[in-house]
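Presented below is the structure to which this report refers.
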Amino acid sequence: MSRDFEFEKPIIELEARLKELKKISENGKIDLSREINAIADKIITLKEEIYGDLEPWQVIQVARHIDRPSTLDLIKLMSPDDFVELHGDRLFSDDPAIVAGPGKIGDFNVMFIGHQKGHDTEENIYRNFGMPHPEGYRKAMRMMRMAERFNLPVVIFIDTPGAFPGIGAEERGQSEAIARNLAEMSQIGVPILCFVTGEGGSGGALAISVGDLIFMFEFSVYSVISAEGCAAILWNDPNKSKEAARALKMRAANLKELGIVDEILPEPLGGAHRNPQQVAETIKQTIEKHLPPLMTMSREELLEKRYGKFRCMGKFCSEEELENA
Amino acid sequence: MGWFDKLTRPKRNIPSDLWKKCPKCGEVLLNKDLARNLYLCNKCDHHLRMPIWDRIALLTDDNSFIEIDREIKSVDPLEFVDSKPYPERLAVAINKTDVFEAVTCGRATLSGYKVLLGVMNFDFMGGSMGSVVGEKITRLLESGIEEKAPVIVVSASGGARMQEGILSLMQMAKTSAAIQKMNMASIPFFSLLTDPTSGGVSASFASLGDVNIAEPGAYIGFAGPRVIEQTIRQKLPEGFQRAEFLLEHGMVDAVVHRRLLKNTLAKLIGMFSGKFGGKNV
């Protein structure tokens, strides 16, 4: 599987050239520092240019990048010593497409939950490409209830193409599992902070995203349906994915404008996959900034605010508005 | 159709807007007979999709239904255009169905019990849930809490409305959160799943009834059969994602014949309410 994008070709080429020059300069005794610096600068400018002007379809590619930091990568960067992964829904099985467990972020004890993708084909098959079955959602809900019991704020990472469409998933109630999470998360009495780190794929993403604050990384996406799925249904042509990606308005900036996302988090230059450490640091800082005010709220205040947040999502024209107009 | 059928089947020259074919047995059914027979096939008893006003008449006492929130209309927040602009699709749907959105809500009585009823309309853009459907259903649920009246929602939907993007998706969270409040207030919510109920509707309020009742043969599922077949590359078993399949797997409480629906709901409401204290007053 290629790890490079067509639109990144100029960057990759220059990076190869830079490596070459460095090698020459190390081996020989020629001073190439001027050339090397010039190319390094050019790479930065190119990255800024290319990443500053991505088409929605290209952003989807970045969000799905196989090296993009996964939930476990981020947890291990933030909580290397304390995180304990906990498994299973206590009903049917353990779903490797969702991981969870308590850990630390700075001084805070938290409950981590997130979709888990793999970094290669073998790992992706084990993780079912980050597409959960009902038992994954039920495991997540079990962890949230546990978090509530022990007063741990919940930190959630969203990165899934969607809930898995399969026979077993339907037999075990994929719909019910998602719906139940949506309902119950609205009343979990501890702060819930959600980070869309990669792909926010429809109901499969939303099922662990009913939080007090929702953050989205710059090159992540969050949508009601995949661009491919939308193209197949509305255009009757899977090749229209680029058009669908544009029409669905799934980028962080779009969601901020529509009032769904609270804050857009910047990514390292050239995308999260180029510097996972920096992504983890951004998450840590965001939590340290936003969690304390939530923790001082009473349970009632917190839940009322959370209900209100989702209650007012949607745009329509009501009778009263028509009369006032 | 084979040559033999063509020879033996009586030729009927009936204009095509006057009849439907039973999707199960192929019997030709006249619309006027269908309406009289609750949209049940008179040959095989298949439950055909029922127009919303017939559904409301089926479930409520005569002339008791008073529509609420009729005038809430969709806007075009994404300025969405596929092969047609979204506002054009809405105009076509409004024209075709004579309602403004894919759910019709109201207050009514059911065998004397005061209820709040929402009925989804599959003819309106596939019964898809956008901001208006989410808002109307949430208002219905909140009214149920306020008025201490049970809520019934009859689902028929392909899922979330793609043309409203992420806003449609959020309606799943909004409606489900309102049901959680109903649960806490001990106000019963009855979800009636009719053909078809899928995607974002099935994965939100439609699966969250205190009691989930499905009509016989109704298609109910999260992912569409085509998507599943493409993903797992195998044929789906007979009866997969039908009401009886969900009953067998514990996802619905009962599969109830259309003729018995009102009575079943009345019995449940009566026993659950006892004028809302557990005891009969």
Side-chain angles (χ1 to χ4, degrees), chain A residues 131 162-167 169-187 200 202-203 205-207 209-210 222-225 229-231 233-236 240 243-244 247-250 254-255 258-260 306-307 310-319 322, chain B residues 69-75 77-78 80-83 130-132 134-135 138 160-181 183-184 198-200 202-208 220-224 227-228 231-232 236-237 240-241 245 249-251:
Chain A
M131 293 187 281
F164 186 63
I167 293 179
E170 296 288 328
E171 286 174 336
R172 300 194 289 279
Q174 190 72 289
S175 286
E176 197 274 347
I178 295 171
R180 187 65 56 199
N181 277 21
L182 300 179
E184 294 206 5
M185 274 186 91
S186 71
Q187 294 291 331
S202 194
L206 182 67
S209 310
V210 183
Y222 194 0
S223 175
V224 66
I225 186 169
C230 183
I233 297 172
L234 287 187
W235 275 265
N236 236 327
K240 297 281 187 197
E243 281 85 341
L248 283 165
K249 302 221 163 63
M250 50 167 78
N254 304 127
L255 271 81
L258 290 167
I260 308 299
R306 190 183 304 156
Y307 186 82
F310 286 87
R311 180 65 186 86
C312 66
M313 286 182 186
K315 299 229 184 300
F316 51 85
C317 187
S318 68
E319 201 173 3
L322 281 175
Chain B
D69 294 328
R70 188 182 128 83
E71 298 284 338
I72 310 179
K73 288 176 199 158
S74 287
V75 291
L78 267 55
F80 195 98
V81 181
D82 48 273
S83 58
S131 298
V132 173
E135 179 68 20
T138 306
R161 188 171 297 169
M162 282 173 278
Q163 289 86 349
E164 290 184 32
I166 196 74
L167 293 172
S168 297
L169 188 70
M170 293 303 147
Q171 304 312 309
M172 294 167 65
K174 181 160 118 182
T175 51
S176 301
I179 290 171
Q180 191 71 5
K181 286 205 163 185
N183 289 174
M184 295 191 306
S198 66
S202 134
S204 62
F205 60 87
S207 290
L208 292 172
I220 304 160
F222 173 67
V227 176
I228 299 177
T231 309
I232 61 172
L236 296 172
F240 181 66
Q241 293 183 318
F245 170 93
H249 287 93
M251 294 302 149

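Order of the sequence lines fixes the chain letters, A, B, ..., with proteins taken first and strands second; residue numbering starts at 1 for each chain.
- The nearest pair of heavy atoms linking A/Val224 to B/Ser168 is CG2-CB, 4.3 Å.
- Applying the salt bridge (Lys or Arg N to Asp or Glu O under 4.0 Å) criterion to A/Arg311, with sequence neighbours excluded, gives B/Glu135, B/Glu142.
- Remark: A/Glu184 engages A/Arg145 in a salt bridge (Lys or Arg N to Asp or Glu O under 4.0 Å) (not counting sequence neighbours).
- In this structure, the portions of A/Tyr222 lying under 4.5 Å from any heavy atom of chain B include both its backbone and its side chain.
- Of the atoms belonging to A/Ile225, it is side-chain heavy atoms, and not backbone ones, that fall under 4.5 Å from chain B.
- Atom CE of B/Met170 sits about 7.0 Å away from atom OG of A/Ser209, to the nearest 0.5 Å.
- No side-chain donor-acceptor contact under 3.5 Å links A/Gln187 to the backbone of B/Lys181.
- Residue A/Ala163 touches chain B through both its backbone and its side chain, counting heavy-atom pairs closer than 4.5 Å.
- The nearest pair of heavy atoms linking A/Trp235 to B/Val81 is CZ2-O, 3.6 Å.
- B/Thr231 touches chain A through its side chain: at least one heavy atom from C-beta onward sits under 4.5 Å away, while N, CA, C and O do not.
- For B/Phe245, the part lying under 4.5 angstrom from a heavy atom of chain A is the side chain only.
- In this structure, the side chains of A/Phe164 and B/Ile232 come closer than 4.5 Å at one or more pairs of heavy atoms.
- The two atoms that bring B/Phe80 and A/Cys230 nearest to each other are CZ-SG, 4.3 Å, heavy atoms only.
- Within the 3.5 Å criterion, the main-chain N or O of A/Lys315 finds a donor-acceptor partner in the side chain of B/Ser131.
- Proximity to chain B is absent for every atom of A/Arg306, based on heavy atoms less than 4.5 angstrom apart.
- In this structure, A/Phe310 CZ and B/Gln171 CD are separated by 11.0 Å, a value rounded to the nearest 0.5 Å.
- Both the backbone and the side chain of A/Leu248 come within contact range of chain B, with heavy atoms under 4.5 Å apart.
- Contact count against chain A (heavy-atom pairs under 4.5 Å) is highest for B/Ala203 among B/Ala203, B/Ala223, B/Ser207.
- A distance of 7.0 Å separates OG of B/Ser202 from CD of A/Glu170, quoted to the nearest 0.5 Å.
- The heavy-atom pair separating A/Ser223 from B/Leu169 by the smallest distance is O-CD2, 4.1 Å.
- The 12-atom threshold is exceeded at NZ of A/Lys249, counting heavy atoms of other residues, nucleotides or ligands nearer than 6.0 Å.
- Looking only at heavy-atom pairs under 4.5 Å with chain B, the residue among A/Ile167, A/Asn254, A/Leu258 that has the most is A/Ile167.
- When all heavy atoms are compared, the tightest approach of A/Leu206 to B/Met172 is CD2-CB, 3.8 Å.
- Counting heavy-atom pairs closer than 4.5 Å to chain B, the top-ranked of the candidates A/Leu234, A/Ile178, A/Ile260 is A/Leu234.
- Closest of all the heavy-atom pairs between B/Ala173 and A/Val210 is CB-CG2, 4.1 Å.
- At distances below 3.5 Å, not a single donor-acceptor pair connects side-chain atoms of A/Glu243 with backbone N or O atoms of B/Asp82.
- Between chain B and the options A/Gln174, A/Glu176, A/Glu171, A/Met313, the largest number of non-hydrogen pairs under 4.5 Å is found for A/Glu171.
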